[in-house]
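For reference, the structure is listed below as structure tokens.
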Amino acid sequence: MIKRVMVVGAGQMGSGIAQVAAQAGLQVWLRDLEPRFVERGLGVIEKNLARDVAKGRRTEEEKAAILGRITGTTELGPAAECDLVIEAIVESLEAKLALFRELDSICPEVTLFASNTSSLPITQLAAVTRRPDRFIGMHFMNPVPVMKLVEVIRGIATSDETYAAIRNLAEAMGKTPVEVNDFPGFVSNRVLMPMLNEAMFCVYEGIAGVEEVDTVMKLGMNHPMGPLTLADFIGLDTCLAILNVLYEGFKDPKYRPCPLLVQMVQAGYLGRKSGRGFYIYD
Ligand code: CAA
């Protein structure tokens, strides 16, 4: 039974994960490297819950109880007291390997480890710990409080007990877990990223403008966001990193990143978070 969880990384994904975990009644530690990152994550959660209160979906008391279950920290030490650690840090293999090595030395062997990676190999991350059977991918979608899916990725050694515990937890968080195996991009990004990349090629090759491509997919396919708006929302650096994982993982040219995407990332046009991507943001 998972009752206490540490979420490592208080960014867009980590703060959302901490929020839905606390909403499910868990005690949550939200950890980031600097107090200002922790504060920003807690601020986002507070704002989301305040909107729920304003819309009549929650009472002030419920909001206070949820916030009361989340403790911000810059330490990893409290992970030793947790049943599960969910990693949601920067999408870098080296950074994640270093973090899991450190967590492995801090936590007792029973602690479950999950990574929210969007495409890095779960099996490789698990292999630097003493607990590859208690290691799993728990891939939430952005915005976490809204999106229903959790892609649950089994590494080669993930045990049935670990899978069952994480599936039950995802359901307790109000999400729908879907079981997938550990191959590049899993299912979500193997299907999504080629579509976003193809939308970028349409712009790169001058077939249509940014807004035109988005309008085709929004109105023609009923997508809530056009693919270029969605790419900006995800982050163009993240899109490029995932496409590179697919390209290198399968050695198949169909996943080659669009040169326009590469150039935009080189320019620092990272999408919504940097104020400029395919669109310009205030
Ligand atoms: N946090 C919390 N709640 C949010 C939110 C956020 N960041 N953004 C929107 N919401 C809430 C809004 O408050 C609103 O709720 P209420 O009106 O009931 O209060 C609801 O979501 C709908 O928002 P809006 O009316 O402002 O706008 P919308 O109808 O366009 O919906 C959206 C926004 C849910 C983000 C929708 O545009 C959408 O579904 N977009 C696609 C998102 C998507 O594809 N996500 C997956 C990305 S891929 C990924 O995450 C994984 C990866 O590995 C890359």
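For ligands, and for the atoms within them, numbers begin at 1 and follow the listed sequence. In this chain, residues are counted from 1 in sequence order.
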Practice problem: Would you please say whether a donor-acceptor pair under 3.5 Å links the side chains of T123 and D182? | Solution: yes
Self-check item: Nearest protein heavy atom with distance in Å, relative to atom 34 (C) of ligand 1
Solution: V146 CG1, 3.8 Å
Quiz prompt | For atom 36 (C) of ligand 1, the protein heavy atom that lies nearest, with its residue and separation | solution = P224 CB, 4.0 Å
Quiz item: Counting heavy atoms only, which of R57, K55, E151 comes nearest to atom 18 (O) of ligand 1?
Solution: R57
Quiz item: Within a distance of under 4.0 Å, is there any protein heavy atom near atom 26 (O) of ligand 1?
Solution: no
Quiz item: Are M13 and ligand 1 in contact, using a heavy-atom cut-off of under 4.0 Å?
Solution: no
Practice problem: Give a yes-or-no answer on whether the side chains of D214 and Y279 include a donor-acceptor pair shorter than 3.5 Å. | Solution: yes
Quiz prompt | Under 4.0 Å to a heavy atom of N48 - the qualifying atoms of ligand 1, by number | solution = 1 (N), 2 (C)
Quiz prompt | atom 39 (O) of ligand 1 touched by protein (heavy atom, under 4.0 Å) | solution = yes
Quiz prompt | Salt-bridge present (D104, R130; N to O < 4.0 Å) | solution = yes
Practice problem: Report the nearest protein non-hydrogen atom to atom 45 (N) of ligand 1: residue, atom name, distance rounded to 0.1 Å. | Solution: N142 O, 2.8 Å
Quiz item: Do the side chains of L169 and V5 get nearer than 4.5 Å, heavy atoms only?
Solution: no
Self-check item: Any protein heavy atom < 4.0 Å from atom 54 (C) of ligand 1
Solution: yes
Practice problem: Tell me, please, whether Y269 has R276 positioned over its six-membered ring: NZ or CZ under 6.0 Å from the ring centre and within 45 degrees of its axis? | Solution: yes
Self-check item: Pair Q12, R272: side-chain N/O donor-acceptor within cut-off below 3.5 Å
Solution: no
Practice problem: Could you establish whether H139 and ligand 1 come within less than 4.0 Å of each other, counting only heavy atoms on the residue side? | Solution: yes
Quiz item: Using the ring of each side chain (for Trp, its six-membered ring), is F186 parallel, tilted or perpendicular to H139, with breaks at 30° and 60°?
Solution: perpendicular
Exercise. Among all protein heavy atoms, pick the one closest to atom 49 (C) of ligand 1 and tell me residue, atom and distance.
Key: M141 SD, 3.7 Å
Practice problem: Report the part of V144 in contact with ligand 1, treating N, CA, C, O as backbone and CB onward as side chain, heavy atoms under 4.0 Å; options are side chain, backbone, both, neither. | Solution: neither
Practice problem: Report, in ascending order of atom number, the atoms of ligand 1 lying under 4.0 Å from any heavy atom of L230. | Solution: 43 (C), 44 (O), 47 (C)
Quiz item: Would you say atom 31 (O) of ligand 1 touches the protein, meaning some protein heavy atom is under 4.0 Å from it?
Solution: no
Practice problem: Answer yes if a protein heavy atom lies under 4.0 Å from atom 14 (C) of ligand 1, otherwise answer no. | Solution: no
Quiz item: How far apart are the C-alpha atoms of D160 and R154, what are their side-chain angles, what is the distance that settles it, and do they pass the salt bridge (Lys or Arg N to Asp or Glu O under 4.0 Å) test?
Solution: CA-CA 9 Å; D160 290 343; R154 297 184 70 136; 2.6 Å; yes
Quiz item: What residue among L230, I242, L261 forms side chain to side chain contact (heavy atoms under 4.5 Å, CB included) with L196?
Solution: L230
Quiz item: Quick one: does atom 22 (C) of ligand 1 have a protein heavy atom under 4.0 Å from it?
Solution: no
Quiz prompt | Residue and atom name of the nearest protein heavy atom (relative to atom 8 (N) of ligand 1), distance in Å to one decimal | solution = P143 CG, 3.8 Å
Self-check item: D237 bridged to K273 by N-O distance under 4.0 Å
Solution: yes
Quiz item: In ligand 1, which numbered atoms sit nearer than 4.0 Å to a non-hydrogen atom of M225?
Solution: 35 (C), 37 (O), 40 (N), 41 (C)
Exercise. For atom 2 (C) of ligand 1, grab the closest protein heavy atom and report residue, atom and distance to one decimal in Å.
Key: R51 NH2, 3.2 Å
Quiz item: How many angstroms lie between OG1 in T158 and OH in Y163, if you round to the nearest 0.5 Å?
Solution: 11.0 Å
Quiz prompt | Part of K218 with heavy atoms under 4.0 Å of ligand 1, whether side chain, backbone, both or neither | solution = neither
Practice problem: Answer with yes or no whether the side chains of T74 and E34 bring together a donor and an acceptor at under 3.5 Å. | Solution: no
